[in-house]
Amino acid sequence: MPTHLPAFLDAPIPLRRLLTSCPALRTLTRIHALLIVSSSASSPNLLSSCLATAYARAGDLSAAESTLAGAPASPSSIAAWNALLAAHSRGGSPDEALRVFRALPPAVRPDSTTFTLALSACVRLGDLATGEGVRDRASEAGYRNDIFVCSSLLNLYAKWGAMGDAVKVFDRMPRRDRVTWSTMVTGFTNAGKPVEAIEMYRRMRAEGLKGDEVVMVGVIKASAATGDVRMGASVHGHLLRHGMRMDVVISTSLVDMYAKNGLFDQARRLFELTTSKNSVSWNALISQFAQNGHADEALGLFREMQVSGLQPDSGAVVSALLACSDLGLLKLGKSVHGFILRRLELDCMVVTAVIDMYSKCGSLASAQMLFNRVGSKDLILWNVMIACCGAHGRGRDALSLFQEMKKNEVRPDHATFASLLSALSHSGLVEEGKFWFSCMVNEHGIEPEEKHLVCIVDLLARSGLVEEANDLLTSTCAEPTIPILVALLSGCLNNKKLELGESTAEKILELQPDDVGVLALVSNLYAAAKNWEKVREVRKLMKYHGSKKVPGRSSIEFRGALHTFVMEDQSHPQHREILQTASKLDSEMRKMGYVPRTEFVYHDLEEGVKEQLLSRHSERLAIAFGLLNTSPGTRLVVIKNLRVCGDCHDAIKYISKIAEREIVVRDAKRFHHFRDGACSCGDYW
Ligand SMILES: [Zn+2]
Ligand SMILES: [Zn+2]
């Protein structure tokens, strides 16, 4: 005997009402059971759709699917299928949503919602190919210009950075809402096309639409990338005028935009006004300061961040380490290292920054020790360690690291070879340099760039093989740049190859160098060739550019504080004692045979004045300060912003012997370790 449904279930309308009222799963299964055993239910299709939708809403997706699949398919069941797709998407299984989409029975006609849901699933999966398949099916079904389908498609293309395709969809859309515009602006920004992003924003404004927060962040980021501060500032003004909510994301991107474009005061002020700063906002500012030569401010902020109770993340820590390296603050760098060990995970990025910090602060041994303890080393870490060895003039160590790296099956890239070649050239390892340069080109297929050519030309020219260096240049490089030619020229000068030297000097002058050091080299070459007319011409250029020269600045860390010296500056409290020490050293050096090389003073002055100027070069003052304040035998580490001049290089060799100290000088190019009257660079730098 067939079971009869309770009377209230036998009427379709109240039954559907019950099903749409989100009953609990238990109720649903009971109703379902009753419907199955009874045969009297009217319009079974409609009921099974309602039932499936109810299952989907209640979270039992497999019951929903089997109910739908078990009922005869009809066009009206699409709403239930859509509910199932939406539930899969909401539940974080976009792949399941796509599976259901593919399994739609042919009799079910997908609608705009179906395609939109399927496309959103493709966006979440980052699956462009499937998305394009969905697009084609939507077109066939007549939804090519449907605003919802277009929006989702736009979203897919924008996520993929396929902005060309996005524009095509965008242009054919009959209507565009704020979300559409916002997708385009942020899409262009994220695809690294800031100019187009700003253009899109202008079009949006021209059509009378105002941007929301998402658009604003996109435009601000685009302004930061293009250096269009005016646009960025106008967005800032727009936000203020319209009283729009300045959440932490917006204010962080504004801070970043100002700082990236060098407006550090604005960045700082806005940052201070930001109420709920998170670690991202701190990090943005700290890293901008650290990367743009404002190491002091970066470190100050790093401390403030800790005081404010926020734990610096690895990004902030890397920025702080960068700032320490920049200034040569070994003690602070060490304490950051300690902080990392206590609080953070030592991942590859952080450990690379710590190693680089130790090396740049003059402590290669600490860098090496840490490097040896790292278990799995990535390419960047190897590159950095090889570069560190090179900068300290340890060519052989760099080479054996390189070989160890290859043994570990890490494939060297262009940066590895640049570091290796530079290390070999700093150590005068000619045969090794030639071998690895040709290996780089022939075996690894790496096109030599400027950085590689500078090293190999330098290496060859230095050891007297100037013709070979010149041939190599002619065959590999159509338009050698100033740094490459300078490497060749100094080789010519040192090895008295004046004919090639003069033609090289000519090429350099054609490129209009404004660096006084380069001009001095050119002038010295012409002097050696007795071409006095040219000497006068170049001297004139030197005088002109010399006045614009960045002043030499040297610093030394003492008891955790940084003491910085500039030649004419008398503000240091120990100024007088420092000068006394410097002149005492000067007279002792002269007794040992030191002769001041006044050619390194590029002004027309009397010889005596020139000599005095030399003895007050900033690195000499920093060393004198170090000798005055540290106990005998303490190693001195001096950081200089420019290259050490030839006279100071000579002088420091004498000083290391007189004072019986190891003196480490980091100049713009490399490290010099002075010990017992000699320098690790072997007088080539
Ligand atoms: Zn000097
Ligand atoms: Zn040196």
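Read the numbers this way: they start at 1 and go in the same order the structure lists the ligands and their atoms.
- For H673, every N, O or S atom stays at 2.8 Å or more from the Zn ion (ligand 2).
- Side-chain contact, H414 with K451: a donor N or O sits under 3.5 Å from an acceptor N or O.
- Here C679 contributes SG and C681 contributes SG, and at the Zn ion (ligand 2) these two atoms make an angle of 110°, given to 10°.
- Ring pair F558/F625 is perpendicular by interplanar angle, where above 60° counts as perpendicular and below 30° as parallel.
- Between the SG atom of C648 and the ND1 atom of H617, the angle taken at the Zn ion (ligand 1) works out to 110° after rounding to 10°.
- If you look at H672 and ask which of its N, O or S atoms sits nearest the Zn ion (ligand 2), the answer is ND1.
- Ring planes of F264 and H294: tilted class, angle from 30 to 60°.
- Taking the six-membered ring where tryptophan is involved, the planes of H649 and H672 are perpendicular, since the angle between them exceeds 60° and thus also 30°.
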